[in-house]
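Below: one structure, written as structure tokens.
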Amino acid sequence: MERKNRNHAFDLLCGVCIVRMLVLHIMNFCGHAQDAWWQGVMAWTYYFMCFFFFKSGYFNRGVGGPTGPYLKAKTLRLFVPYLSAGLIGDAIYFSLVPFLVHRYHHPVEPLSWSHIWEEGQFYGNCPVWFLCTFYFTYVAVHFIEKVPRLRYAFFLFPALSWWFSSLGNPLWLGLDNLFMGIFCFYLGHFWHRLMMALDRRRTVLLSLLLVGAFCLLNACTDTCYTMSSNAFKGPLPWLVVSMACALCGLSGLLVALEVPRVPVMDFIGRHSMVYFISHYPILYVYKFVHLSFGRSIYGRYDDVILLIPIVFIICSWLVPFVERIPWLSGRWNNNTPNLCQKPPLSTLPG
């Protein structure tokens with residue numbers, strides 16, 4: 001039985017991030033990603049993908065120990081689902097391509113296998129790049145912990161991702177964003193330590209100050225970071241400070257205020273891996289089936305309105321089935337936590 005004083009802040013934040021991601025991809029499929037109102041939403045939520053790295057550092061229970069068992073556990077948890085979900089996505093994608101070639105006499109999208117090793121993406125399930133970067137972030141942090149005090153240089157890591165971006169993102173598997181992942185991981189780790197040293201009132205005040213600083217910086221500076229493509233916009237120092245203020249401020253405020261459970265968001269957050277690996281193939285099936293009958297969904301808001309409930313209903317229905325498959329869910333022996341695992345009870349004093 002769940003204890004009454006469980007803190008639901010990270011369940012809520014995780015669910016909101018997943019909802020934002022799914023709606024973003026639906027907007028992309030329907031050709032509305034550049035609409036002015038949606039660009040405004042993106043400008044104020046660009047750090048949401050970084051939240052998962054931040055959360056992992058916040059709840060990290062140890063990335064040390066023997067290297068062999070550690071790498072095996074993370075490989076089973078993240079890299080195996082990355083490959084499995086990517087290959088299943090490709091299988092679905094290429095099973096539909098012949099119908100489009102029959103109608104249009106050519107694939108409707110350019111094909112190049114190099115995107116797999118260059119960007120870490122698969123045609124039918126592009127978002128799985130995240131699991132690849134997430135896996136190598138854990139690997140990198142493990143070895144960083146073996147060098148005394150190297151973790152305290154975490155604030156310098158965004159400069160490395162920015163440098164690779166300036167070189168055209170040359171790293172294979174799209175790992176140019178790895179250093180931003182490491183930065184967010186340690187940001188969450190040190191923010192948790194600071195919160196433990198403060199009482200609830202001081203945590204609320206500091207979090208409000210950070211949220212206010214983010215709003216001011218984001219309103220006054222045109223900064224943005226797209227993690228999937230490791231794309232930076234605006235001055236790097238302002239971007240890093242703004243992102244840190246948003247991640248720390250929002251999480252600290254919601255944790256300290258002990259927000260109540262929001263059932264739908266709580267469910268999505270707890271089962272985020274299923275939504276994450278399942279939604280993109282569903283979108284391709286919808287898009288390609290329509291194209292095979294000569295109907296494009298590009299530029300149509302009616303398809304946006306239809307796809308949002310369709311995707312969430314199907315992904316919710318898939319939850320119990322996918323979570324029984326360890327090489328897809330990463331839940332081996334039912335002992336491995338989900339991508340957005342249940343956070344522990346709030347331990348803030350006061």
Side-chain angles (χ1 to χ4, degrees), residues 10 14 49-89 116-122 125 127-154 156-157 160-161 164 170-193 227 230 270-274 276-277 322-344:
F10 277 86
C14 188
M49 211 64 201
C50 296
F51 165 76
F52 294 103
F53 297 85
F54 175 87
K55 181 181 183 292
S56 296
Y58 187 96
F59 290 116
N60 172 52
R61 294 184 176 86
V63 291
T67 297
Y70 176 87
L71 293 180
K72 179 181 178 181
K74 295 304 177 186
T75 299
L76 291 174
R77 175 69 189 96
L78 295 170
F79 202 75
V80 170
Y82 159 69
L83 292 176
S84 301
L87 291 173
I88 290 175
I116 297 177
W117 56 82
E118 288 180 355
E119 302 174 15
Q121 299 181 0
F122 292 81
N125 212 343
V128 295
W129 67 263
F130 168 79
L131 295 178
C132 182
T133 300
F134 208 36
Y135 169 74
F136 282 104
T137 296
Y138 268 112
V139 172
V141 169
H142 173 75
F143 288 104
I144 288 172
E145 289 298 302
K146 294 183 178 296
V147 181
R149 292 181 291 278
L150 180 58
R151 60 161 65 179
Y152 296 106
F154 78 98
L156 298 175
F157 280 76
L160 290 174
S161 282
F164 282 118
L171 297 186
W172 279 16
L173 293 177
L175 291 179
D176 311 275
N177 57 18
L178 172 66
F179 304 99
M180 285 297 287
I182 298 171
F183 164 75
C184 292
F185 183 97
Y186 277 114
L187 179 67
H189 172 73
F190 287 115
W191 175 240
H192 193 187
R193 288 176 57 177
M227 196 170 198
N230 192 45
R270 290 169 184 255
H271 305 285
S272 58
M273 177 69 97
V274 179
F276 185 79
I277 66 175
V322 173
E323 290 187 349
R324 295 193 193 107
I325 307 173
W327 44 269
L328 266 181
S329 67
R331 294 189 171 198
W332 300 85
N333 300 322
N334 295 321
N335 292 323
T336 306
N338 197 10
L339 180 64
C340 285
Q341 64 193 38
K342 299 179 182 180

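All values derive from a computational prediction rather than experimental measurement. Note that these values count all heavy atoms, side chains included, but never hydrogens, waters or copies made by symmetry.
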Distance, nearest 0.5 Å, that separates [atom1] of [X] from [atom2] of [Y]:
| X | Y | atom1 | atom2 | value |
| --- | --- | --- | --- | --- |
| Leu156 | Leu150 | CG | CG | 9.5 Å |
| Lys72 | Trp332 | NZ | CH2 | 10.0 Å |
| Leu71 | Leu76 | CG | CG | 11.0 Å |

Using the ring of each side chain (for Trp, its six-membered ring), is Phe54 parallel, tilted or perpendicular to Phe10, with breaks at 30° and 60°?
->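 The arrangement is parallel - the two ring planes meet at less than 30°.
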Tell me if a side-chain donor or acceptor on [X] pairs with a main-chain N or O of [Y] at a distance below 3.5 Å.
| X | Y | result |
| --- | --- | --- |
| Tyr138 | Tyr70 | no |
| Trp327 | Ser84 | no |
| Arg77 | Ser329 | yes |

Check for me whether the distance between the ring centres of [X] and [Y] falls short of 6.0 Å.
| X | Y | value |
| --- | --- | --- |
| Phe122 | Tyr82 | yes |
| Phe130 | Phe52 | yes |
| Phe154 | Phe157 | no |

With sequence neighbours left out, what residues match Glu118 under salt bridge (Lys or Arg N to Asp or Glu O under 4.0 Å)?
->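 For Glu118 there are no salt bridge (Lys or Arg N to Asp or Glu O under 4.0 Å) partners, ignoring immediate neighbours.
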Restricting to non-hydrogen atoms, name the atom on [X] and the atom on [Y] that form the minimum distance, rounded to 0.1 Å.
| X | Y | answer |
| --- | --- | --- |
| Glu323 | Arg331 | OE1-NH1, 3.4 Å |
| Phe276 | Pro127 | CZ-O, 3.0 Å |
| Gly65 | His142 | O-CE1, 3.2 Å |

Can you list the steps and then say if Asn60 with Val141 is a side chain to side chain contact (heavy atoms under 4.5 Å, CB included)?
-> CA-CA 11 Å; Asn60 172 52; Val141 169; over 6 Å; no
Check residues 173-189 and write down every donor-acceptor pair under 3.5 Å in which the side-chain atom is one partner and the other belongs to a residue at least two apart or another chain.
unit_1, atom_1, unit_2, atom_2, d
Asp176, OD1, Leu171, N, 3.0
Asn177, OD1, Thr133, OG1, 3.1
Asn177, ND2, Met227, O, 2.9
Tyr186, OH, Glu145, OE2, 2.4
His189, NE2, Arg151, NH1, 3.1

Arg324: partners by side-chain hydrogen bond (donor to acceptor under 3.5 Å, both in side chains), with sequence neighbours left out =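 For Arg324, no residue satisfies side-chain hydrogen bond (donor to acceptor under 3.5 Å, both in side chains) once neighbours in sequence are set aside.
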Can you check whether Leu131 reaches Ile277 side chain to side chain, under 4.5 Å on heavy atoms?
->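 They are in contact (side-chain heavy atoms under 4.5 Å apart), so the answer is yes.
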